[in-house]
Each structure stands twice: as structure tokens, then as C-alpha cells.
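Each remark here refers to the structure printed beneath this line.
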Amino acid sequence: MRLSALALSTTKETPADAEIVSHQLMLRAGMIRRLGAGLYTWAPLGMRVLRRVEAIIREEMDNIGALEVLMPAIQPAELWRESGRWEAMGPLMLRMTDRGEREYCFGPTHEEVITDFVRRDFRSYKQLPVNFYQIQTKFRDEIRPRFGLMRAREFIMKDAYSFHIDEADLNREYHKVRSAYVRILDRIGLDYRVVAADSGDIGGARSEEFHVLAGSGEDALAVSTSGHYAANVEAAGTIAPTGKRAAPGGELKKIATPGVATIAGLCEFLSVDATQTAKSIVVMGDDGLPVLLVLRGDHKLNEIKAENLDGIAAPLTMADEATIREHFGAGPGSLGPVNVNIPVIADHALTHASDLVVGANYDGSHFTHFNWGRDHPEPRFADLRDVVAGDASPDGQGTLEILRGIEVGHVFQLGDKYSASMNLTVLDESGANVTPQMGCYGFGVSRVVAAAIEQAHDDAGICWPEAIAPFDLVIIPIKADKSERVRAACEQLYAEARTAGIDAAYDDRGLRPGPMFADAELIGIPHRIVVSERGLDAGKLEYKGRRDSESRQVENSLAAIAEAMGRPEGQ
RNA sequence: CGGGGCAUAGCGCAGCUUGGUAGCGCGUCUGCUUUGGGAGCAGAAGGUCGCAGGUUCGAAUCCUGCUGCCCCGACCA
């Protein structure tokens, strides 16, 4: 491609409203432009990257025998009413009506449509298994779109749905897709982790997420030093401690702690470690009455674990201050388990704790030397907290470290949630009706582009992994308008490169060298060739890899360039 | 949806407190010079100051309402 024909529009200055580096660089490089909140146009440069990602995904999905389809983005409401999600999806779903007042949504996902598609044509177990996928635009009316393409409202997703006669076959396909995702991310060239996940609203049994590691990632991942365990922190379990509880070291004592309403403040005021304190959180039970959750002061409540407990309302609802005052006689910041008459559930990290500092249920007061059994009946202990770095791995091997990740893929075993609610059945070998098992597999196509930049950039711009770079090579002429030789050499290289299957960009825009170098680095082309009179006199070209600190001279031939690029003949 | 902030030329910003000629940098266009790391000189174009009301002789500036966007919290590929 001649860069003069690409409608390239780069900027030196960073747009003010772009927060994270991938968003900034995509805007500066002219890959995308914003239309509205969470809505972006892909410019020609961005499309080149997008198409290469899509090509890799298609190849790997095709390789496992998945079949590409394309479903409508606009979906009728009746379908969603059948599965029960017209109400359940809530405001996340963009809804609309046509001129006849018929209701539709812009699809946030396609379980209903694909299930409908299959139930119309599939009658026999002989037609299974099958796995359909599409690469398509989704719309989710996110509460807060942010970070450019990372959390856009309209985005491009590869979604796949498989159908099986039984769970064993679903499990087999699940692992096939999982391995395809591994190959996709290996080929793109990103550092990622596959982690166990909470299944969330989509429902179903088993699910794992694929996270590209990046400090800016929105998810926390718990990964075992042994390499055997990895889970989203949301879904990572903690192990009940072993050992014995120490005997009380003193009498329960009420002390004045005026103005202290946080654990940090309490620790400073009393000069105690947060591990010797307990925090009290009041949530609503499923009977509409409050339940007291008690955690060690330095631990954080895991809301998913809490709402999954018997007796706790889901979704998890914090008690409001009026309810708290009614049952405790004090406000948040001074609460504790002493003399309360509502259910108490304590995190099992506190099972063997003794002599804790807890709120006194009296504003501005705390108790010291709180002990279970003596100062409050033994509570119900449960896993309530987020894991933290250094915790023992739940599989008993090694300890956990916490990494940040960007979720780019998610594989689920759905079971019969949709096939059952939407009456999809096929006949099995014995002629009996069977409800097929389903799997679903999402991959964020536009998001992985942003994630790649988060992981691969420097001060000058993007450093694309070669597999998804917009171009393989950029050819930069020096003083092209003065030198027929330079122009001719560039044209020849450009033509030869294309013939050899190297996707080359020829910077024929007639700019001075500085801006050409800066643009090539900003848009992240992995390999650069500079053609100059000086070099041609010596029969040389100058080669520089995007991540190289220095350039080097190579022979003036495509073979030498291919060699420098790490692509020997025939590649 | 709750809390905070912003809205002035394509982009980044100043001007607003104390009302009176709309400005700077980058970019864009023209000409000349320049050409190995975002050039120099000269000239030019480009703004109903987010929208609607109000106060005033006069509003970018003060007041009211609205809209859009960004940031911090609960969702997800």
C-alpha cells in the first residue's frame, strides 16, 4: 500500500479524553475515531489490524470444524421472552420498536437466535454435534463505556454456539474450542492466562476466561506459583485455615474511638495491625432481614461468594443505613457481632482468630479482646473474601499471586438452559426426544486489538505483534523528490515485496524524514527499510526492527530484507 | 443510576474572578527556501464561544434550565 493512498491521519498530541494507552495510541495513529460514547469508526489503518485478527480467528475456528454463519443484529422480542431474558437482561439491552410497534433489540449476544435456528432444522442426533460461529457487531448499553474499544457499547465479537447429544460430547467440544483459543492467542503473540471463572448471568456449569495480561486490565487474576491453578479473583476460593484458636488474652473491653470509621483509621488510632481487626458488613438476607458478615480487617468481601450463600439475597444488596441503625443502634463504622440478634456469617479466615478489635455497635466505640464463643456464639464460617497475594493455592500447590488481565475470551458449558426453555429437541438412537446440551464461546475481536496495544507499546507508539500488524514492512525514502535513484529503488522494493507476499507500506507522501519515522513508529510497523542516496552508493539499505534500538545496514535486495525480517525465502 | 469535572477553530488550551475588538500552540492551505528524527520565512483560511431562555445599553464572561462528553463506584468479550 502506498501511504499517500491510505487516508492516514496521525496526531502528535494526545486527545484529552483518552485515559489508557491503547485508546490514546489508536486515536493518535488514526486507527479509530469516536462517534459517540462507546461508539467508534474503524479507519482504514485500524481495519487492516482488525482483518488480520479476524483471519486468524476464522482459520482456527474453521480448523476445529466450526461453521461460520451470520445472524441478524436486530432480534425480535418474542425470542427473548421465550428464554426469559427479555426482562432479565435489563437496561443492558438496547430495545426498539418498528413502525408496527413490534419490539426488537439490538443483539447483545445470540443464544436465542442460534437456538431458534437449530430447532427449525435439526431433528436427529445424527445432525449433532455442530458448532456455529459468527464474527459480528454486538451492542451492549454499558452503564459506563470507557477506555475506548476496551469497553465500548458497540463492539465486534466472535461468538460460537455448539449443540450436543450429551454432556460428554459438550465437554469434548468445549476443550476443542478452548484449544483453538489457545492457538489464536499464541498466533497473535500475546501473553495471556486461562483462568477459571464465575459463570455469571449466562448460566451453566463450567467456564473459563482468557485474559491478556496488562497492568491496565480491569480484572484481577489469582495465579498459583505452581502453575497449576488460575482463576479470576471473583471465582478463586480460599482454603479454611488449619490449627487451633488461641485462648482469649484478655477481657472484652469497650474503648472510645471517636471519629474512627474505617479499618485504616482504627489501626492508626489503636496502633494495631489490620489482621487483628474484624470488619462488619450488613447485607440483606433472602428473607428480607439483614445478615451480618464479618471479615478480617485487611480482607475484602467477595460479593459473588456472598450472594451464593444460603440465606443471602441475590443479587447482593447492602443494607441501608436506616436498617442498620434499627438493628444495631449504631451506624456503619462502629458495627460488630457483640449482642446482635441477626444471623452472623464470618469469613473462615477468622475461625482461629482471637482477641480481635470489633465495632461496639455504639457510635465512636470499639471492643478489644473480642473472642468467638465467649463474646458471641460460634458463628457460621464460610468463604467470603477475595483471595490476596500470598494465599495458599486452593489446589494445595504453591501460593497465589495476583495479576491484572483484560478478558478477551470466555468459554462456557451452558447445559440445556436455552435448549430447554426454547423447546429444542432431537430424537436419539432409541427414538426418544432429547434436549441437546449447549456450549457458548465468546472472543472479543475489537477488544483484543486494544489489549495487544496495552501489552505492546513504547514511548514512540505501538509495537504490533507481527501477526496482526497493519503492514509487515515500511519503506521510507530519503530525499525522494530529489533522487530518481531513490524513487526507483523504492518502487522496485515495493513491487518485489508484494510479489513475495510481504505486506509492505511505501511512504510516498513526500514528507521530511522525521515525520515519516515518527509515523512508522506510532502506527507500529514491525520492520523498517530506509532508502537513501548514501546507502545506494554503498549498495546498502538500512534496516531497523520496531523494537530495535539501532538500525543496521543490509544488502540492497529483497532477500536481505526478508532475512533481516526473520522471513527466509519461501515465507 | 449516584458522586465529581468539562464544553471556546480539526486537535491541545488561554480568556470568564472584575461584562465592552475572540486569542495562543499544533495542524491545514499558498509561495519560496529546506530534506537522515515531528524544518524556516512570508502570507492565508478556519469559531452562531454546546443548546435554549434570562439579566444588561452590551454576555464566551453573570443567572436558570437542558444536552453532550470525561472521570470515580455496581456489569462484561
Side-chain angles (χ1 to χ4, degrees), chain A residues 9-20 23-24 27-28 30 33-39 53 57 89-93 108-110 135-160 181 197-202 207 209-212 217-219 232 234 301 303-304 307 315-318 405-412 440-451 460-461 476-483 486 509-522 528 530-535 542 544 551:
Chain A
S9 181
T10 61
T11 62
K12 209 173 355 177
E13 293 187 83
T14 302
D17 53 8
E19 195 72 5
I20 62 169
H23 191 197
Q24 293 171 352
L27 288 169
R28 285 190 53 208
R33 287 291 179 254
R34 194 184 69 87
L35 178 64
L39 302 173
V53 172
I57 293 172
M89 289 295 282
L92 186 70
M93 197 151 71
T109 177
H110 280 69
I135 294 176
Q136 198 230 25
T137 297
K138 300 281 188 274
F139 188 95
R140 295 184 190 174
D141 199 356
E142 294 282 351
I143 298 161
R144 187 149 92 81
R146 59 183 139 174
F147 301 149
L149 290 179
M150 206 65 86
R151 182 170 298 281
R153 290 196 295 172
E154 186 177 308
F155 60 99
I156 301 167
M157 174 165 151
K158 189 286 302 173
D159 46 330
Y181 277 23
D198 178 69
S199 294
D201 294 336
I202 299 181
S207 88
E209 295 168 346
F210 289 71
H211 285 263
V212 171
E218 291 193 82
D219 285 278
N232 193 307
E234 290 176 348
L301 176 68
E303 300 195 3
I304 290 173
E307 74 182 24
L316 192 70
T317 311
M318 298 293 170
I406 299 163
E407 185 187 352
V408 297
H410 201 157
V411 290
F412 289 93
C440 86
Y441 319 93
F443 195 98
V445 179
S446 42
R447 183 182 281 180
V448 82
V449 173
I476 294 180
I478 302 294
K479 286 197 241 188
D481 59 338
K482 291 278 171 55
S483 169
V486 167
R509 295 177 297 170
L511 302 181
R512 296 162 54 84
M516 287 194 285
F517 292 147
D519 277 350
E521 283 158 9
L522 175 61
R528 183 185 89 184
V530 177
V531 180
S532 66
E533 283 275 354
R534 205 165 71 196
E542 176 189 296
K544 183 174 178 294
S551 61

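Bear in mind the structure is a predicted one, so any value in this text is a computation, not a measurement. Chain naming here is simple, since letters A, B, ... match the order of the sequence lines and numbering starts at 1 in each.
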**Interatomic distance at C1', B/rG15 relative to B/rG53, whole Å** =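 Per the computed distance, 25 Å lies between those C1' atoms.
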Under 3.5 Å, side chain of [X] to main-chain N/O of [Y], donor-acceptor pair present?
| X | Y | answer |
| --- | --- | --- |
| A/Tyr181 | A/Val411 | no |
| A/Glu19 | A/Phe147 | no |
| A/Ser446 | A/Ile156 | yes |

**Asked** OP1, OP2 of B/rC71 versus side-chain N and O of A/Arg144: anything below 4.0 Å?
**Response** yes
**Message:** So, OP1 or OP2 of B/rC70: does either fall under 4.0 Å of a side-chain N or O from A/Arg146?
**Reply:**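 Checking B/rC70 against A/Arg146, no side-chain N or O comes under 4.0 Å of OP1 or OP2.
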List for me each residue that meets salt bridge (charged side-chain N to carboxylate O under 4.0 Å, His left out) alongside [X], sequence neighbours excluded, and say none if there are none.
| X | result |
| --- | --- |
| A/Arg528 | A/Glu521, A/Glu542 |
| A/Lys544 | none |
| A/Asp141 | A/Arg153 |

**Message:** Taking side-chain hydrogen bond (donor to acceptor under 3.5 Å, both in side chains) as the definition, give me every residue that meets it alongside A/Thr317, ordered by chain and number, with sequence neighbours left out.
**Reply:** none
Tabulate protein N/O versus nucleotide N/O from nucleotides 31-35 of chain B, keeping only pairs under 3.5 Å, one per line.
unit_1	atom_1	unit_2	atom_2	d
B/rU34	O2	A/Arg512	NH1	2.7
B/rU35	O4	A/Asp481	OD2	2.9

[atom1] of [X] versus [atom2] of [N]: gap in Å, rounded?
| X | N | atom1 | atom2 | result |
| --- | --- | --- | --- | --- |
| A/Ile476 | B/rG37 | CD1 | P | 12 Å |
| A/Glu218 | B/rC72 | CD | C1' | 13 Å |
| A/Leu316 | B/rA74 | CG | C1' | 11 Å |
| A/Arg153 | B/rG68 | CZ | P | 10 Å |

**Item:** Side-chain ion pair, A/Arg151 and A/Glu218, N-O less than 4.0 Å
**Value:** yes
With a 3.5 Å cut-off and heavy atoms only, can you find an N or O donor on one side and an acceptor on the other between the side chain of [X] and the base of [N]?
| X | N | result |
| --- | --- | --- |
| A/Glu521 | B/rG37 | yes |
| A/Arg151 | B/rC75 | yes |
| A/Arg28 | B/rG27 | no |

**Among B/rC70, B/rA77, B/rC71, the nucleotide that comes nearest once only the side chain of A/Phe147 is considered** = B/rC71
**Asked** Of the candidate nucleotides B/rG36, B/rC70, B/rG38, which contains the atom at the shortest distance from the side chain of A/Ala518?
**Response**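 The answer is B/rG38.
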Which atoms of nucleotides 5-12 of chain B (N or O only) lie under 3.5 Å from a protein N or O atom, and what are those distances?
unit_1	atom_1	unit_2	atom_2	d
B/rG12	OP1	A/Ala16	N	3.2

**Request:** Mind telling me if B/rU28 is syn or anti? Syn here is a glycosidic angle within 90° of 0.
**Result:** anti
